[in-house]
Participant: 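Sharing a structure with you now.
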Amino acid sequence: MKVRTRFAPSPTGYLHLGGLRTALYCYLYAKKNNGKFILRIEDTDQEREVEGAIQMIYDSLHAAGLHYDEGPDVGGDYGPYIQSERKDSYLPYAMELIEKGAAYPCFCTKEALAERREEATKRGETFRYDKLCSHISKEEAQRRMESGEPYVIRQNIPLEGSTSYEDVLYGKVEVPNNELDDNVLIKADGMPTYNFANVVDDHLMGITHVMRGTEYISSTPKYDLLYKALGWESPQYIHLPVVMKDATRKLSKRYGDPSFEDLLSMGYLKDAIVNFIALLGWSPGDNREFFTLDELVEAFSIEGLSKSPSIFNMEKLTWFNSEYIKKLSADEYYTLALPWFRQVFGNTKMDLRRLAELTHSRTEVFNRLPEMVAFLNELPNYEIELYTHKKMKTNSENSLQILQECLPLLSALDDFSEQTLHNALAAFITEKEYKNGLVYWPLRIAVCGQQNTPGGAIEMLYLLGKEESLRRIRDGIQRLSKEAI
RNA sequence: GCCUCCAUGGUCAAGCGGUUAAGACAUCGCCCUCUCAAGGCGGUAUCACGGGUUCGAGUCCCGUUGGAGGUACCA
């Protein structure tokens with residue numbers, strides 16, 4: 001049988017990382033088995049639907065490279081792929097269930113239910129629907145349904161025994177029937193609930209493997225009961241552990257955790273994110289950790305999936321990102337870095353290509369770039385203590401002397417190419433019998449105004465150019481002279 | 001509370017009855033070096049606890065503890 005998996009998000013906001021991972025695994029499993037990966041939008045709760053969320057799902061999936069074979073915006077033979085557009089296809093199956101005694105219409109009002117629920121809670125009990133309406137005779141039920149009285153259709157769960165199914169990952173999952181509620185299948189507005197729509201659609205769309213989060217692990221017996229009542233073959237169930245923010249909280253926007261889109265706009269590379277996410281809860285079994293999407297398809301297997309929740313480790317993602325950045329060609333890196341440089345410099349005659357070469361191996365995430373290079377645009381107001389460095393054997397006095405000696409030397413240079421600067425300074429150092437650090441340290445501090453810079457004194461002098469460099473050196477001399485008085 | 005599931009370093013994790021318990025991130029140290037990175041080398045750190053089963057348990061079973069998920073006319 002041809003494998004068909006589906007990713008079925010509800011359009012309630014951005015695509016969070018747990019969702020992205022579920023989509024990834026669905027995609028990988030389908031592709032690994034030469035099957036189809038399908039996108040279905042579960043918008044049966046119109047109240048919760050967020051404007052633009054469907055588009056965001058399309059965009060995120062495409063951005064991640066998870067191209068689906070069938071879906072609302074790409075078509076397919078099993079459409080429509082948006083549940084609200086399938087509204088009419090659910091009721092007949094619900095009627096069939098009523099006919100078979102596996103469901104019944106319920107006329108209890110929300111208010112009455114809330115009241116009974118409250119009472120049960122007061123007694124310290126978990127409220128489950130008391131099957132009140134299941135005792136109404138078929139004839140009366142029929143009459144009331146036709147009279148226009150509002151009603152829902154509930155699943156009729158057996159009172160005794162237990163229901164189990166075989167999860168591919170977790171093995172046998174068994175739940176006592178008295179723990180299972182007679183859930184609403186069709187709401188008063190005629191729209192199905194998730195509980196019903198997912199079963200009907202998975203069957204109608206020929207889904208062979210249902211991969212979804214573990215939040216459904218203990219309600220799946222109910223769904224399985226529905227398959228059986230309808231005489232349908234159950235799919236394979238593969239529940240996936242949740243992605244956590246830390247040991248006790250799951251990843252969520254509420255705590256300010258980034259979505260996939262957020263990460264992209266921060267300057268994380270999608271390949272790095274996908275690679276990292278794939279390894280969160282799945283292991284190839286060997287020590288390999290760098291994978292393209294195609295390589296993931298090749299390596300993926302259910303056996304490598306983990307059963308316990310895993311914590312989303314931002315530091316490791318960042319490490320992956322810096323590794324992916326290092327793999328970029330100089331041109332690719334430059335293209336990606338340029339907008340971030342522009343934030344700082346606007347239009348500049350500075351050699352940004354050279355700057356990019358220098359920042360390339362120092363970039364972990366692109367959004368850290370502006371801060372890294374801001375000093376080139378404007379000299380920070382720094383403390384002269386920076387001139388003092390034990391290992392370089394520098395202090396305010398000898399730094400002042402070095403700067404004063406370098407000023408005429410650099411002023412005399414025709415051009416400020418790195419080669420010229422290097423030759424001149426090397427000759428100067430040899431002639432004076434100085435140590436490299438004694439000269440380069442004060443120069444770099446004067447010209448950069450901060451301790452750490454993406455490159456050495458020569459590179460920084462070159463980037464700043466002659467005029468600005470000399471200005472900054474004079475500024476340094478002034479700061480140090482003031483101190484000397 | 002009840003039900004279901006899970007449990008190897010700080011984090012991701014390999015391990016499928018016999019291992020010196022891999023590897024990666026993080027962390028620490030050293031080398032390189034005009035700073036910071038990058039790169040190279042090395043160190044610290046894990047089987048939650050208690051009972052079984054077995055010649056032998058991180059691996060199997062039971063319990064405890066801890067954690068997660070569920071408990072809606074949400075998905």
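Each chain gets a letter, A, B and so on, in the order the sequences are listed, and its residues count up from 1. Below, all heavy atoms of this structure are taken into account, side chains as well, without hydrogens, waters or symmetry copies.
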Participant: Give a yes/no on whether any side-chain N or O of A/Lys110 is located under 4.0 angstrom from OP1 or OP2 of B/A72.
Facilitator: no

Participant: Over how many whole Å does the gap from A/Ile153 atom CD1 to B/A72 atom P extend?
Facilitator: 20 Å

Participant: In whole angstrom, what separates A/Met372's CE from B/A37's P?
Facilitator: 11 Å

Participant: So does A/Arg117 get a side-chain nitrogen or oxygen closer than 4.0 Å to the phosphate oxygens (OP1/OP2) of B/C73?
Facilitator: yes

Participant: Over how many whole Å does the gap from A/Leu443 atom CG to B/C34 atom P extend?
Facilitator: 14 Å

Participant: Between atom OH in A/Tyr216 and atom P in B/C5, what is the gap in whole Å?
Facilitator: 19 Å

Participant: Does this structure show an ion pair linking A/Glu119 with A/Lys122, if we count only N-O contacts that are shorter than 4.0 Å?
Facilitator: no

Participant: Please determine if a side-chain N or O atom of A/Asn452 lies less than 4.0 Å away from the OP1 or OP2 oxygen of B/C36.
Facilitator: no

Participant: Nearest whole Å is fine: how far is B/G66 P from A/Arg249 CZ?
Facilitator: 20 Å

Participant: Distance check needed: B/U33 C1' versus A/His422 NE2, whole Å only.
Facilitator: 13 Å

Participant: Can the ring centres of A/Phe312 and A/Phe276 be said to be less than 6.0 Å apart?
Facilitator: yes

Participant: Under 4.0 angstrom, heavy atoms only, what part of the nucleic acid is A/Gly124 near: base, sugar-phosphate, or nothing?
Facilitator: nothing

Participant: Using whole Å, report how far CG of A/Asp286 lies from C1' of B/G15.
Facilitator: 13 Å

Participant: Would you state whether a donor and an acceptor, one from the side chain of A/Lys316 and one from the base of B/A24, lie under 3.5 Å apart?
Facilitator: yes

Participant: Scan A/Ser218 against the nucleic acid and name what it touches under 4.0 Å (heavy atoms): base, sugar-phosphate only, or nothing.
Facilitator: base

Participant: For B/U4, does the base pair up with any side-chain atom of A/Lys172 as donor and acceptor (N or O, under 3.5 Å, distance only)?
Facilitator: no

Participant: What nucleic acid atoms does A/Lys435 come within less than 4.0 Å of, heavy atoms only: base, sugar-phosphate, or nothing?
Facilitator: nothing

Participant: Can you tell me how far C1' in B/A45 sits from the matching atom in B/C28, rounded to whole Å?
Facilitator: 11 Å

Participant: Is any side-chain nitrogen or oxygen of A/Thr44 closer than 4.0 Å to OP1 or OP2 of B/C74?
Facilitator: no

Participant: Under 4.0 Å between a side-chain N/O of A/Ser306 and OP1 or OP2 of B/C6, yes or no?
Facilitator: no

Participant: Does a side-chain N-to-carboxylate-O contact under 4.0 Å join A/Arg354 and A/Glu357?
Facilitator: yes

Participant: Looking at A/Lys245 and A/Asp257, is there a salt bridge between them, counting it only when a charged N and a carboxylate O are closer than 4.0 Å?
Facilitator: yes

Participant: Quick one: is A/Lys307 getting a side-chain N or O under 4.0 Å of the B/C6 phosphate, OP1 or OP2?
Facilitator: yes

Participant: What I want to find out is whether A/Lys131 reaches A/Asp182 closely enough, with some N-O distance under 4.0 Å, to be called a salt bridge.
Facilitator: yes

Participant: Taking only side-chain N and O atoms of A/Trp441, does any of them lie within less than 4.0 angstrom of OP1 or OP2 on B/C34?
Facilitator: no

Participant: At under 4.0 Å between heavy atoms, what does A/Pro176 touch on the DNA or RNA strands: base, sugar-phosphate, or nothing?
Facilitator: sugar-phosphate

Participant: Validate the cation-pi geometry between A/Arg444 and A/Tyr440: distance from NZ or CZ to the six-membered ring centre under 6.0 Å, angle to the ring axis within 45°.
Facilitator: no

Participant: Can you tell me the distance, in whole Å, between the CZ atom of A/Phe196 and the C1' atom of B/A75?
Facilitator: 16 Å

